[in-house]
Trainee: 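Please find one structure pasted underneath; my questions will follow.
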Amino acid sequence: MSLELHMADERVRASGLSPAEREWRKKWVHDQHLHADEPVVVDAVHRQLNPIRTAYRLPWDKFYLHYLKPTFGVYYGTAVRVTVPKLLMAFVVVQTAYYYWKYEVKDWTHLRGLESMPQKEVIVNAPAIESKFPGLMDKGLANPSKDDYYTPTFNKRTAYLDVGETKRPW
């Protein structure tokens, strides 16, 4: 579908203009032509003032100027310059999380980071419940120390029960 419709032809566009509007349009079209010195590149507009950002961008900026831009051009060189560092940072984050998940010790004696914060009791009116129903809080709340930090079914296992003398000859 053409969005130009009847405005595609320049004669049709200019047919309803008055002489003053024609003069204005002529000046406007003339102003659209750039001078040889334009566009003016102002270095201060593109200069980074944050020293940390400048430091971590410096290798990629040099790589872009000396290799990517001459090889791939401005468009594809910029696309590679913007995309590859972000993908590398994401890869490092994923690998760090995978290492932490796979190789770090996970038990009750080694708590770090977010895991090291003790959980708060969520029962607000515990004294009232304990006075009404004595012993209910001890039965209802998880307390891993009562089982010496074994699983709750450890003391109920039946694999090592003494079943008497065996009938085997050996």
Side-chain angles (χ1 to χ4, degrees), residues 1-10 12-14 17-18 20-127 129 137-138 140-152 154:
M1 178 172 123
S2 174
L3 297 176
E4 293 176 334
L5 300 176
H6 63 281
M7 294 296 196
D9 187 16
E10 189 173 346
V12 173
R13 270 197 318 262
L17 296 178
S18 68
E21 290 173 333
R22 287 177 194 270
E23 184 67 28
W24 178 83
R25 179 167 168 74
K26 181 180 177 186
K27 288 180 183 177
W28 182 81
V29 169
H30 181 68
D31 288 341
Q32 300 307 307
H33 297 293
L34 294 179
H35 189 267
D37 296 336
E38 292 180 326
V40 177
V41 178
V42 180
D43 185 46
V45 172
H46 302 287
R47 184 176 46 228
Q48 293 293 330
L49 299 177
N50 184 346
I52 297 170
R53 186 172 185 203
T54 304
Y56 81 78
R57 286 179 58 122
L58 185 67
W60 286 100
D61 288 340
K62 295 293 182 188
F63 184 62
Y64 170 76
L65 285 176
H66 298 296
Y67 179 72
L68 292 176
K69 188 176 174 184
T71 305
F72 297 109
V74 175
Y75 180 78
Y76 290 110
T78 304
V80 171
R81 162 68 184 91
V82 168
T83 307
V84 171
K86 290 177 182 166
L87 290 176
L88 285 175
M89 285 190 283
F91 179 75
V92 167
V93 167
V94 167
Q95 288 297 315
T96 304
Y98 175 73
Y99 175 85
Y100 182 80
W101 172 76
K102 184 170 183 180
Y103 295 109
E104 293 296 317
V105 179
K106 294 183 245 359
D107 63 357
W108 65 275
T109 60
H110 296 88
L111 296 177
R112 290 169 309 284
L114 296 174
E115 302 168 352
S116 65
M117 300 180 69
Q119 294 180 349
K120 295 180 181 177
E121 293 291 331
V122 293
I123 300 176
V124 179
N125 54 354
I129 294 174
M137 299 293 281
D138 295 332
L141 297 177
N143 184 6
S145 64
K146 71 179 179 186
D147 295 316
D148 292 330
Y149 298 99
Y150 293 123
T151 59
F154 181 77

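In this text, all values refer to a predicted model and were calculated from it rather than measured experimentally. FYI, side chains are in, hydrogens and waters are out, and symmetry mates aren't considered; it's all heavy atoms of this structure.
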Trainee: Using the rule side chain to side chain contact (heavy atoms under 4.5 Å, CB included), only one of Leu88, Val82, Thr83 pairs with Lys86; which is it?
Mentor: Val82

Trainee: So with a 6.0 Å cut-off around CG of Leu34, is the heavy-atom count from everything else above 12?
Mentor: yes

Trainee: Roughly how far apart are Gln95 CD and Lys102 NZ, rounded to 0.5 Å?
Mentor: 10.5 Å

Trainee: Could you pull out the closest heavy-atom pair between Leu68 and Gly77, with the gap in Å?
Mentor: CD1-O, 3.9 Å

Trainee: In this structure, which one of Tyr64, Tyr76, Phe72 forms a side chain to side chain contact (heavy atoms under 4.5 Å, CB included) with Arg81?
Mentor: Tyr64

Trainee: Output all residues satisfying side chain to side chain contact (heavy atoms under 4.5 Å, CB included) with Arg25, sequence neighbours left out; order by chain, then residue number.
Mentor: Glu10, Arg13, Leu17, Trp28, Val29

Trainee: Is Glu23 reaching over with its side chain to a backbone N or O of Ala20, donor-acceptor style, under 3.5 angstrom?
Mentor: no

Trainee: For the atom pair CG (Asn50) and CZ (Arg57), what is the distance rounded to the nearest 0.5 Å?
Mentor: 10.5 Å

Trainee: To check you understand the geometry: which heavy-atom pair defines the closest contact between Val74 and Thr78, and what is its length?
Mentor: O-OG1, 2.6 Å

Trainee: What's the separation between atom OG1 in Thr71 and atom OH in Tyr67, rounded to the nearest 0.5 Å?
Mentor: 4.5 Å

